[in-house]
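Below is one structure, written out as structure tokens, with a few remarks after it.
Count residues from 1 along the sequence.
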Amino acid sequence: MTSKEKRRAIRSKHDSVLEIDDAEGHFIIGVGRLVDFSNVGVCFSSTKALAKGERLRARLRLLKEGVLEISAHVVWIKERPNAKLYGLEFDSVQKLRS
């Protein structure tokens with residue numbers, strides 16, 4: 001990491017689907033494309049509008065880790081031409097049975 005880097009953990013690049021639910025986990029509100037992840041959070045792109053501080057649940061499938069269900073909140077948002085990039089900080093992570 002460079003001296004300008006603000007990240008608390010090393011990120012691993014990844015390209016998979018992130019299924020996004022509301023904070024209670026009742027229904028899917030959208031799908032995002034995972035950009036990278038670490039042990040403290042994820043970055044993903046989506047056309048779905050989310051607000052900074054918004055709490056949500058999501059499921060992601062990673063080859064080594066399996067299926068993870070996360071509870072997280074939006075900590076940053078970056079505008080891109082066709083989508084937005086979101087940074088999520090994990091509140092909890094649970095590994096689901098494969």
* **Point-to-point distance, once rounded to the nearest 0.5 Å, from CD1 of Ile70 to CG of Asp91** => 9.0 Å
* At what distance, to the nearest 0.5 angstrom, does CG of Leu34 lie from OG of Ser45? -> 9.0 Å
* Step by step, would you call Val31 with Ile20 a side-chain contact (heavy atoms from CB on, under 4.5 Å)? -> CA-CA 6 Å; Val31 174; Ile20 307 163; 6.0 Å; no
* Structure fact -> Residue pairs meeting ring pair (Phe, Tyr, Trp, His ring centres under 6.0 Å), one or both in residues 51-73, sequence neighbours left out, come to none
* Evaluate side-chain contact (heavy atoms from CB on, under 4.5 Å) for Leu60 paired with Phe44, printing each intermediate quantity in order. => CA-CA 11 Å; Leu60 59 137; Phe44 72 97; over 6 Å; no
Expected list for residues 77-87: side-chain donor-acceptor pairs under 3.5 angstrom, two or more places apart:
{"from": "Tyr86", "atom 1": "OH", "to": "Lys48", "atom 2": "O", "distance (Å)": "2.7"}
{"from": "Tyr86", "atom 1": "OH", "to": "Leu50", "atom 2": "N", "distance (Å)": "3.0"}

* Asked: Looking at CD of Gln94 and CZ of Arg59, how far apart are the two atoms once the value is rounded to the nearest 0.5 Å?
  -> 11.5 Å
* Asked: Run the side-chain contact (heavy atoms from CB on, under 4.5 Å) check on Val42 and Phe90 step by step: do they pass?
  -> CA-CA 8 Å; Val42 298; Phe90 297 144; 3.5 Å; yes
* Asked: salt bridge (charged side-chain N to carboxylate O under 4.0 Å, His left out) with Glu54: which residues, sequence neighbours excluded?
  -> none
* Would you list the pairs meeting ring pair (Phe, Tyr, Trp, His ring centres under 6.0 Å) in which at least one residue belongs to residues 46-65, sequence neighbours left out? => none
* To do: Provide the closest heavy-atom pair for Ala72 versus Leu88 in the form atom of the first, atom of the second, distance.
  => CB-CB, 4.0 Å
